[in-house]
Amino acid sequence: MNLLEVHGISKTYGSGEAAVKALKNVTFGVPKGEFVAVVGESGSGKSTLLNIIGGLDMPTGGKVYIDGQDISVMKESKLTIFRRRNIGFIFQSFNLIPELTVEQNIIFPVLLDYRKPDKGYLEELLIVLGLKERRGHLPSQLSGGQQQRTAIGRALITRPSLILADEPTGNLDTQNSSEVISLLKEASKKYEQTIIMITHNRAISQAADRVLQVSDGVLTDFGRCRE
């Protein structure tokens with residue numbers, strides 16, 4: 001059974017002659033634990049697709065199922081809770097809270113859900129992410145790579161079944177980019193998390209298990225990458 005099912009998704013902005021079809025009948029599935037890269041030029045529709053999968057935007061038509069649940073019909077209050085507990089987001093701009101330490105930024109989603117963080121799991125993440133010695137540092141005291149690793153920790157802390165990464169290496173140099181991709185691959189294997197990563201970098205996309213391309217709103221599945 002696929003963790004993610006996308007059925008006939010379309011998205012149109014505007015109407016009449018001014019209408020822009022950002023996505024056109026996009027359909028695909030992703031099994032649990034697979035790391036999928038979605039490539040495409042700027043304006044191709046790939047970020048729109050990611051936002052719809054994450055429930056941050058609604059499709060004009062079609063359905064999105066995550067772990068068997070149709071998020072397309074959820075009321076906003078239920079969708080917010082579902083998103084917080086089942087989806088981890090990683091952004092190009094990190095989006096860390098500047099007044100909070102590394103540890104506080106990582107556990108923030110758990111506290112937002114009025115739960116206590118799993119201390120053992122937190123320690124494991126800090127070690128895996130190479131942040132144990134930086135746990136008390138503020139974002140301004142970190143390198144770009146360390147900030148993105150903190151953002152990855154924040155996405156992992158709730159043990160979400162799905163992680164959505166939007167250009168996670170866009171602001172990083174080559175070495176840090178490689179480290180971030182390695183961490184994402186490790187998360188997909190070690191924690192059996194399904195990862196959808198948006199990127200314009202085709203070299204980076206080859207690290208994924210499978211590559212999809214979005215061009216002018218149309219999705220093409222290039223299949224599994226060679227080991």
Side-chain angles (χ1 to χ4, degrees), residues 1-6 9 26-40 45-57 64-69 71 82-95 106 109 121 124-125 128-131 145 147-172 176-214 219-227:
M1 177 181 174
N2 288 331
L3 186 282
L4 172 67
E5 291 278 358
V6 176
I9 288 296
V26 172
T27 298
F28 67 98
V30 183
K32 182 178 181 180
E34 187 169 60
F35 181 11
V36 176
V38 182
V39 300
K46 62 185 188 300
S47 290
T48 298
L49 176 61
L50 197 77
N51 288 337
I52 290 174
I53 292 172
L56 300 176
D57 195 3
V64 174
Y65 295 90
I66 298 175
D67 207 11
Q69 297 200 54
I71 69 168
F82 179 86
R83 192 165 49 219
R84 191 163 61 220
R85 294 178 179 176
N86 296 278
I87 306 174
F89 293 91
I90 303 171
F91 302 98
Q92 177 178 344
S93 55
F94 315 141
N95 288 359
I106 290 176
Y121 183 50
E124 179 182 343
L125 285 179
V128 169
L129 296 167
L131 293 170
Q147 289 185 60
Q148 190 60 297
R149 293 203 296 274
T150 302
I152 291 173
R154 181 183 58 193
L156 295 175
I157 192 66
T158 59
R159 302 179 189 268
S161 55
L162 178 64
I163 293 176
L164 303 178
D166 191 355
E167 298 281 5
T169 63
N171 287 330
L172 302 178
N176 280 308
S177 294
S178 297
E179 290 177 1
V180 165
I181 296 302
S182 294
L183 286 171
L184 291 177
K185 284 176 68 70
E186 183 174 354
S188 71
K189 298 298 182 290
K190 185 173 184 177
Y191 304 119
E192 292 189 307
Q193 288 166 317
T194 303
I195 300 177
I196 310 294
M197 177 184 70
I198 295 292
T199 181
H200 67 276
N201 189 320
R202 292 184 180 275
I204 286 176
S205 72
Q206 296 305 306
D209 299 322
R210 182 157 59 115
V211 177
L212 308 177
Q213 176 179 288
V214 179
L219 183 135
T220 303
D221 189 341
F222 288 129
R224 295 186 65 83
C225 299
R226 294 180 179 179
E227 295 293 336

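In this text, all values refer to a predicted model and were calculated from it rather than measured experimentally.
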Taking salt bridge (charged side-chain N to carboxylate O under 4.0 Å, His left out) as the test, write out the residues that go with E124, two or more places apart.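 Salt bridge (charged side-chain N to carboxylate O under 4.0 Å, His left out) list for E124, sorted by chain: K190.
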List the residues meeting salt bridge (charged side-chain N to carboxylate O under 4.0 Å, His left out) with R149, not counting sequence neighbours, and say none if there are none.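 Result, salt bridge (charged side-chain N to carboxylate O under 4.0 Å, His left out) vs R149: E179.
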Using only atom types and a distance under 3.5 Å, with no angle test, would you say the side chain of [X] pairs donor to acceptor with the backbone of [Y]?
X	Y	value
N171	Q92	yes
Q193	P160	yes
R83	G55	yes
D209	F35	yes

Return the minimal non-hydrogen interatomic distance between [X] and [Y], and the atom names on each side.
X	Y	result
N176	G145	OD1-CA, 3.6 Å
P109	T158	CB-CG2, 3.8 Å
I181	A207	CG2-CB, 3.5 Å
L184	P168	CD1-CG, 4.2 Å
S177	T169	OG-CB, 3.5 Å
P31	R210	CD-NH2, 4.3 Å

Atom pair [atom1] ([X]) and [atom2] ([Y]), whose distance is rounded to the nearest 0.5 Å:
X	Y	atom1	atom2	answer
F89	L162	CZ	CG	8.0 Å
L212	S205	CG	OG	10.0 Å
K46	D166	NZ	CG	8.0 Å
L183	Q148	CG	CD	10.0 Å
I71	I87	CD1	CD1	5.5 Å
N2	I66	CG	CD1	12.5 Å

Measure the shortest side-chain to side-chain distance between [X] and [Y] over non-hydrogen atoms and say whether it is less than 4.5 angstrom.
X	Y	value
I90	M197	no
V6	T27	no
I198	V38	yes
F28	L4	yes
L49	L219	yes
S161	K32	no
I106	T150	yes

With F82 via ring-ring contact (aromatic ring centres under 6.0 Å, His included) - residues at least two apart: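 With sequence neighbours excluded, F82 shows a ring-ring contact (aromatic ring centres under 6.0 Å, His included) to no residue whatsoever.
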By ring-ring contact (aromatic ring centres under 6.0 Å, His included), which residues pair with Y121, not counting sequence neighbours?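 Per chain and number, Y121 pairs via ring-ring contact (aromatic ring centres under 6.0 Å, His included) with Y191.
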For S93, what residues pass the side-chain contact (heavy atoms from CB on, under 4.5 Å) criterion, not counting sequence neighbours?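 With sequence neighbours excluded, S93 shows a side-chain contact (heavy atoms from CB on, under 4.5 Å) to F91, N95, given in chain and number order.
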Scan residues 195-204 for pairs that pass side chain to side chain donor-acceptor pair (under 3.5 Å), counting only residues two or more places apart or in two chains.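 Matches after skipping sequence neighbours: E167-H200, R202-Q213.
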